[in-house]
There are 2 protein chains.
Amino acid sequence: MPPRMPEDIRRGVEEKGGLEGILLNVPSKKELETLAKIHSALGDPLRLRIICFLRVQESCVCLLREVVKIPYSKLSYHLSVLKNAGLIRGEKRANFIIYSLTPLGRKYAEDTCRRKP
Amino acid sequence: MPPRMPEDIRRGVEEKGGLEGILLNVPSKKELETLAKIHSALGDPLRLRIICFLRVQESCVCLLREVVKIPYSKLSYHLSVLKNAGLIRGEKRANFIIYSLTPLGRKYAEDTCRRKP
DNA sequence: TTGGTATTTCAAATTATCTTAAAATTTTCT
DNA sequence: AGAAAATTTTAAGATAATTTGAAATACCAA
């Protein structure tokens, strides 16, 4: 703990088991990295729009393209970001790929897509 | 809707009021931008660590520095990202600045800092 | 097998985010 | 007033994310 710091905060920390005590309740480096990756993936309006659309309707890429109005290659990139974060999955059906939310993705979508930040 | 697309998906969309019907349930551009900004701010392990620490203890910058072990100027930058997203606030007290979660920040911290992505 | 459609991949160019060190600001203490 | 501490700001450079368009894949249909 810093030699100089506000007394009330020093007391607060000590009551909670010191810095180490508090840090036990903070997720590990690896956990934080996973969480950060998920939040980064959600950190773009286009990708959020995709997530919120998939929340109500699974979709081929061709339909998503009408939802977000961007070229295929760009869309594909953003889908890969969401997929790498574990939020969506793509399943090949005929010569379409159908994207849908994973259980993780659904959890975040329910929290995020229902208005009021 | 695309001329060619899987029939089951076309039916799903039509049952839900067509593309427009579905898109009514998707947050507006402005809302998505706000949400994206919040998620972006959470999209970094260092910043998540700060959020999870503040969840249990409000703190001066000097203490946070020991939590994240980075130079002041870098820390200050990351605090500004969190502040601009509306997740934390800083209040000047003596010649310290005490950072704490906003209600919004607390909401996200509770969801995020309790393990299991 | 030929051709068409849906989608992804790649590499280059662009843009945004992050880091660094130094200088500036604000407040307190003497 | 002057010095010292806590923190932020700035501007530059470094790194990472995104966009673009062309080419590659994979699958289906004739």
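A quick note: this is a predicted structure, and the numbers were derived from the prediction, not measured. Values below: all heavy atoms of this structure, side chains included; hydrogens, waters and symmetry mates excluded. In what follows, chains carry the letters A, B, and so on, assigned in the order in which the sequence lines appear, proteins first and then strands, with residues in each chain numbered from 1.
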**Q.** Six-ring centre of A:Tyr99, A:Arg89 cation under 6.0 angstrom, axis tolerance 45°
**A.** no
Q: Taking the side chain as every heavy atom from C-beta outward, state whether B:Val26 and A:Val67 have any pair of such atoms under 4.5 Å apart.
A: no
Q: With the side chain counted from C-beta on, respond yes when A:Cys113 and A:Phe53 share a heavy-atom pair under 4.5 Å apart, and no when they do not.
A: no
Q) If each of A:Asn95 and B:Phe96 is mapped to the nucleotide of DNA chain D with the nearest heavy atom, which maps nearer the 5' terminus, i.e. the 5' end? A) B:Phe96
Could you give the [atom1]-to-[atom2] distance, from [X] to [N], as a whole number of Å?
X: A:Tyr72; N: C:dT7; atom1: OH; atom2: P; result: 4 Å
X: B:Glu33; N: C:dA16; atom1: CD; atom2: P; result: 13 Å
X: B:Leu79; N: C:dC18; atom1: CG; atom2: C1'; result: 14 Å
X: A:Leu75; N: C:dT9; atom1: CG; atom2: C1'; result: 14 Å

Q) Ignoring hydrogens and geometry, is there a side-chain-to-backbone donor-acceptor pair from B:Arg10 to B:Pro3 under 3.5 Å? A) yes
Q) Taking everything shown except B:Arg4 itself, do over 12 heavy atoms lie less than 6.0 Å from its CZ? A) no
Q: Anything under 30° is parallel, anything over 60° is perpendicular, the rest tilted; go ahead and classify B:His39 against A:His39.
A: parallel
(Q) Quick check: is A:Val61 connected to B:Ile22 through a chain of hydrophobic side chains (ILVMFWY, heavy atoms under 4.5 Å apart)? (A) yes
Q. Under 4.0 Å between a side-chain N/O of B:His78 and OP1 or OP2 of C:dT17, yes or no?
A. no
Q.
When you measure from the side-chain N and O atoms of A:Tyr77 to the phosphate of C:dA11, is any distance below 4.0 Å, counting only OP1 and OP2?
A. no
Q) Along DNA chain D, 5' to 3', what are the outermost nucleotides having an atom less than 4.0 Å from a heavy atom of chain A? A) D:dA5 to D:dC28
Q: Residues of residues 41-68 of chain B with any non-hydrogen atom less than 4.0 angstrom from an atom of DNA chain C: list those, numerically ordered, please.
A: B:Arg47
Q) Between B:Cys60 and A:Ile9, which heavy-atom pair has the shortest distance, and what is it? A) N-CD1, 3.6 Å
Q | Most 5' of B:Lys74 and B:Lys92 on DNA chain C, judged by nearest nucleotide | A | B:Lys74
Q. Between A:Lys37 and A:Glu33, is there a side-chain N and carboxylate O pair less than 4.0 Å apart?
A. no
